[in-house]
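The structure under discussion appears below in the form of structure tokens.
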Amino acid sequence: MKKIIILLLAILIFSCKQENKKVAVEQNLILASVKKEIVKESVIVDSAMVVSAKEEASKIGIQILKNGGNAFDAMVATELALAVSFPVAGNIAGGGFMIYRTIEGEIGALDYREKAPIHASRNMYLDEDGDFISNKSKVGALAVGVPGTIAGIFAVHKKLGSLPIEQIIAPVIALATNGYFLTEQQAKRITYFKASFLKTNNSESLYTKEYKTGDTIKNIALANTLKRISENGRAEFYQGETGKAIVDFLQSKNGIISMEDLNAYEAEWRAPIVFSYKDLRIISMSPPSSGGICLAQILKFIEPYPIKSYGHNSTKTIQILTEAERRAYADRSFYLGDPDFIDIPMDELISDEYLKGRMDNFSFDKATSSDSLSYGIIPGYESDETTHYSIVDKFGNAIAVTTTLNAAFGSKLYSNKLGFFFNNEMDDFSSKPGEPNMYGLIGGKANAIDPQKRMLSSMTPTLVEKDGAFWMTLGTPGGATIITSVLQTILNVYEFDMDMQQAVDAPRFHHQWFPDIIRFEPNSFPKDSLNYLKIKGYQVIENNSIILGKVDGIRILPNGKLEGGADRRGDDTAVGY
Ligand code: GLY
């Protein structure tokens, strides 16, 4: 009898344990194994900080700040220093977006996104049967959009800078002349892409030489280009000797960019997307980037749910974020493009009234299928490699800047004479409705190619205020995953109490409507969680090749100090004083 009672008790305890385990999963108490991945400590300083993808660039930005410059002067120097020392994405023949907030609380957004050339046409990447020739928008001169970076930095300098431009560019010219340090990641990448550089350019170049970790790369051609830009200003790039060399080079490679295109290029000051999430005021990039609107939609979708209690990277948190992302990316594909060409219902897309109903068909019991979900209907209303840096100066000005060539080394086209790579931003257009771009993003008419139109972006440079004061600056590369990486980093600090370094280092996941899968960083999430999500109807994938962002950010601590987070996934470095 005693044995039977013990046996029954053992069965009861075992089944309770099993039930508890099941409940733990059901209640989303299984947290991702974040800690084993975290190897860096937050950098904490008193006055000013630059966090970027390369130590040389962060140091040059800080040098400008120490020499009396402000965040906007440091932006110009950091952007150009990345073009020298981080050529995979740093650029002068690409484009980007900047969000700023001055010490007085004035906010603004600069769009220096590339544009389609005047001779671009809707079907320029389709063959005679109307089929998309995908390589044409990705590699070589036809993939290049009219570059915006030089216009962007001069627009910033003119409006908000304080030091003479020659003083700002001088240390960058010195960097190009004396050379930059090649990290292991960089050496591997250049080796990986060497065959592609040779094939695209049909010639040897600085970047087809043999390199190893620790080498110093001197780019004298780029130093000379920068000297001319320093002496002659913005016009050097869009009208001068450099502009003419760009056009000659691209046209010799069967490109269509002309002097007329360069002459016509202007960076545009735009109103940022501003919205609240709980007691945070978030300031992010407006179209032609989808970043701000998608970030706003996702945060507003999840606001009613107590995700803090669900836990960081718990299955319940993953479900709610996934479903919110699914719906926001569906809207992105239909509504968003260049605001100078299409009407975008910006206010409506982030209004409580519109967003309220969009999560109605979500249940924790079962995944929503992307096939069953389209963009929302707005009454009356009929798209990896990039780099981000954040700067805060001693005055309290803050900026978030994301800049890109699109793919790694852009179109792979490299001018030996000028010393830089050209973007392949044309691939961010929707070349054919329903045809995915290199990030798998599907677009429609709103993002179709038109002459002089800007292609839709996902770049999400973002500033956050808390209690009316500046609190955080952040952003990331990563194509379609930019938005969801920025989102998770804000939540990691705000909801899950991480410090800035932990927040940028924590494992991430991503969903973008189509393809209807959740992408997880490999070996970072418990198998039990992934299995549970599969049972609920989600397709999950852990794929090494997928970039889930390299977030760089700075947060103001309650004691007023600056805390920098530089993503462990790259060579990113926070420098401050
Ligand atoms: N080229 C990536 C983006 O702008 O989203």
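Counting starts at 1 for both ligands and their atoms, in listed order. Residue numbers run from 1 in the order of the sequence given.
Considering backbone and side-chain atoms together, Ser457 places an N or O closer than 3.5 Å to an N or O of ligand 1. Considering both main-chain and side-chain atoms, Asn406 comes within under 3.5 Å of ligand 1 through a nitrogen or oxygen pair.
When only modelled atom types and interatomic distance are considered, Ser458 and Arg332 share a side-chain donor-acceptor pair under 3.5 Å. A donor and an acceptor atom, one from each side chain of Asn416 and Tyr207, are nowhere located under 3.5 Å apart.
In this structure, Phe420 has its ring center closer than 6.0 angstrom to the ring center of Phe422.
Short contacts between ligand 1 and Met459, defined as distances under 4.0 Å to a heavy atom of the residue, involve ligand atoms 4 (O), 5 (O). Close contacts of ligand 1 with Asp428, meaning ligand atoms under 4.0 Å from a residue heavy atom, involve 1 (N), 2 (C), 3 (C), 4 (O), 5 (O). Close contacts between ligand 1 and Ser458 involve ligand atoms 3 (C), 4 (O), 5 (O) [criterion: under 4.0 Å to a heavy atom].
Ligand 1 has at least one atom lying under 4.0 Å from a heavy atom of Arg113.
We find that Arg113 and Asp428 are joined by a salt bridge, their nearest charged nitrogen and carboxylate oxygen being less than 4.0 Å apart. The pair Glu465-Arg101 meets the salt-bridge criterion, since a charged nitrogen lies less than 4.0 angstrom from a carboxylate oxygen.
Between His157 and Phe154, the ring planes are perpendicular. Angles over 60° get that label, and only those under 30° would be called parallel.
Neither the backbone nor the side chain of Met455 comes within 4.0 Å of ligand 1, counting heavy atoms alone.
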